Amino acid sequence: MNGDQNLDLVSANYGASSLSVSLGNGLGNFGPPTGSPAGGQVYAVEVADLNGDGDMDAVVTIPAAGQVFILQGNGLGGFGGAIPYPCGADPIGLLLHDVSGDGAIDIIVANRGANTVSVLRGNGNGGFTAPEAFPVGAAPYVVALGDFNKDGVVDLVTANNGDSTVSVLIGNP
């Protein structure tokens, strides 16, 4: 998170509505956590360089808001203000991956309250499209990726807590 090539720890603090970063020293130890406001009670967090500036950014799900928030990394182990993007009711599960195949990171969200998975397509400069929602089983909780039909295109799978099913969405090349 601070560019020193040591792995750092980023955690979601649901009760504190924040993210914490603990900088690693490269020897398996981490410094004390420093917090950054996240815009609401954070359920999940993923990090990637979303805008191509070389600094790691964070994406968080805020279930009560029905939104994901992007926090741009400052290169020092902290984040700037939270930028909201609507995604669907009660977003829980979160992944960052280029599912559209255009070279830009996309946001994939399991929306527990909407029984959908939303994909927000990245533009490579830190911006994202409006969510495209795909129906899945009841109360999707977790989303994962894999090439389940071996066609070279990433597919999505959800674990649906509301009806104890799994949904597979086959990727479209």
Side-chain angles (χ1 to χ4, degrees), residues 1 7-15 17-21 38-51 56-73 79 82-173:
M1 296 303 301
L7 292 178
D8 304 313
L9 182 65
V10 179
S11 58
N13 305 311
Y14 183 80
S17 299
S18 68
L19 291 182
S20 289
V21 176
Q41 291 182 308
V42 180
Y43 191 84
V45 59
E46 292 280 333
V47 295
D49 181 4
L50 302 174
N51 57 6
M56 298 299 283
D57 307 306
V59 178
V60 298
T61 57
I62 310 286
Q67 297 177 324
V68 295
F69 284 77
I70 297 172
L71 293 91
Q72 292 185 345
F79 300 98
I83 303 166
Y85 282 87
C87 60
D90 201 14
I92 296 290
L94 175 65
L95 281 176
L96 302 179
H97 188 79
D98 178 14
V99 293
S100 60
D102 63 1
I105 299 291
D106 304 313
I107 301 171
I108 304 102
V109 185
N111 300 306
R112 182 174 59 182
N115 302 328
T116 62
V117 170
S118 291
V119 176
L120 292 80
R121 297 181 193 280
N123 66 11
N125 295 321
F128 294 86
T129 64
E132 184 176 358
F134 301 91
V136 294
Y141 205 79
V142 176
V143 61
L145 302 170
D147 184 4
F148 301 110
N149 59 352
K150 298 182 181 182
D151 65 354
V153 178
V154 173
D155 307 309
L156 300 175
V157 62
T158 62
N160 305 310
N161 195 39
D163 58 8
S164 299
T165 63
V166 172
S167 297
V168 178
L169 302 173
I170 301 299
N172 183 354

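Quick caveat: nothing in here was measured; it's all calculated off a predicted structure. No hydrogens, no waters, no symmetry mates; every other heavy atom, side chains included, goes into these values. For this chain, numbers begin at 1 and follow the sequence in order.
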Visitor: Any idea which heavy atoms bring V42 and A12 closest together, and the distance?
Guide: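 For V42 versus A12, the nearest heavy atoms are CG1-CB, 3.3 Å.
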Visitor: Evaluate the side-chain contact (heavy atoms from CB on, under 4.5 Å) criterion for residues L120 and C87: first the C-alpha distance (whole Å), next the side-chain angles of each, then the deciding distance (0.1 Å), finally the verdict.
Guide: CA-CA 8 Å; L120 292 80; C87 60; 4.1 Å; yes
Visitor: For residues 142-173, which residue pairs pass the ring pair (Phe, Tyr, Trp, His ring centres under 6.0 Å) check, not counting sequence neighbours?
Guide: none
Visitor: Tell me every residue that passes side chain to side chain contact (heavy atoms under 4.5 Å, CB included) with A64, counting only those two or more places apart in sequence or in another chain.
Guide: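 With sequence neighbours excluded, A64 shows a side chain to side chain contact (heavy atoms under 4.5 Å, CB included) to no residue whatsoever.
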Visitor: Which atoms form the tightest heavy-atom contact between A104 and G122, and what is the distance?
Guide: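 Nearest heavy atoms, A104 then G122: CB-O, 3.3 Å.
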Visitor: First locate atom CG of L156, then atom CZ of F134, and finally report the distance between them rounded to the nearest 0.5 Å.
Guide: 8.0 Å
Visitor: Show me the donor-acceptor pairs within less than 3.5 Å that the side chains of residues 88-96 make with the rest of the protein, sequence neighbours left out.
Guide:
residue	atom	partner	partner atom	Å
D90	OD1	R112	NH2	3.3
D90	OD2	R112	NE	2.7
D90	OD2	R112	NH2	3.0

Visitor: Where is the tightest heavy-atom contact between V136 and P140, given as atom of each residue plus distance?
Guide: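 Closest heavy-atom pair between V136 and P140: CG2-CG, 3.6 Å.
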Visitor: Tell me, which pairs form a salt bridge (charged side-chain N to carboxylate O under 4.0 Å, His left out) where one or both residues lie in residues 155-172, sequence neighbours left out?
Guide: none
Visitor: Hey, are the side chains of V21 and F79 touching, using non-hydrogen atoms and a 4.5 Å cut-off?
Guide: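 Side-chain contact under 4.5 Å: yes.
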Visitor: Carefully, step by step, assess I62 and V68 under the rule side-chain contact (heavy atoms from CB on, under 4.5 Å).
Guide: CA-CA 6 Å; I62 310 286; V68 295; over 6 Å; no
Visitor: Would you say L50 and I70 make side-chain contact, with heavy atoms under 4.5 Å?
Guide: yes
Visitor: Taking C-beta and beyond as the side chain, do I107 and V109 meet within less than 4.5 Å on heavy atoms?
Guide: yes
Visitor: What pairs with N125 under side chain to side chain donor-acceptor pair (under 3.5 Å), at least two apart in sequence or on another chain?
Guide: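 Partners of N125 by the side chain to side chain donor-acceptor pair (under 3.5 Å) criterion come out as none, since no residue qualifies.
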Visitor: By the salt bridge (charged side-chain N to carboxylate O under 4.0 Å, His left out) test, which pairs, at least two apart or in different chains, include something from residues 124-143?
Guide: R121-E132
Visitor: For a 4.5 angstrom cut-off between non-hydrogen side-chain atoms, does I170 reach N149?
Guide: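 Counting from C-beta outward, I170 and N149 do come under 4.5 Å.
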Visitor: What residues, two or more places apart in sequence or in another chain, satisfy side chain to side chain donor-acceptor pair (under 3.5 Å) together with N13?
Guide: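 Only S18, S20 meet the side chain to side chain donor-acceptor pair (under 3.5 Å) criterion with N13.
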Visitor: Can you see which heavy atom on D147 is nearest to which on V153, and at what distance?
Guide: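 Shortest heavy-atom separation between D147 and V153 comes out as OD1-O, 3.2 Å.
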Visitor: Just so I know, are the side chains of I108 and V99 near enough to count as touching, which here means a heavy-atom distance under 4.5 Å?
Guide: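 Yes, their side chains come closer than 4.5 Å.
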Visitor: D57: what forms a side chain to side chain donor-acceptor pair (under 3.5 Å) with it, not counting sequence neighbours?
Guide: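 D57 satisfies side chain to side chain donor-acceptor pair (under 3.5 Å) with no residue once adjacent residues are dropped.
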Visitor: Please list, chain by chain and in numerical order, all residues satisfying salt bridge (charged side-chain N to carboxylate O under 4.0 Å, His left out) with D106, sequence neighbours excluded.
Guide: none
Visitor: Locate the shortest heavy-atom distance separating A38 from L71; write the atom from each residue and the value.
Guide: CA-CD2, 4.1 Å
Visitor: Does anything in residues 94-129 form a ring pair (Phe, Tyr, Trp, His ring centres under 6.0 Å)? List the pairs, not counting sequence neighbours.
Guide: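 Counting only pairs at least two positions apart or across chains, the ring pair (Phe, Tyr, Trp, His ring centres under 6.0 Å) contacts touching residues 94-129 are Y85-F128.
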Visitor: What residues, two or more places apart in sequence or in another chain, satisfy side chain to side chain donor-acceptor pair (under 3.5 Å) together with D49?
Guide: none
Visitor: Residues in side chain to side chain contact (heavy atoms under 4.5 Å, CB included) with P84, at least two apart?
Guide: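 Per chain and number, P84 pairs via side chain to side chain contact (heavy atoms under 4.5 Å, CB included) with Q67, F69.
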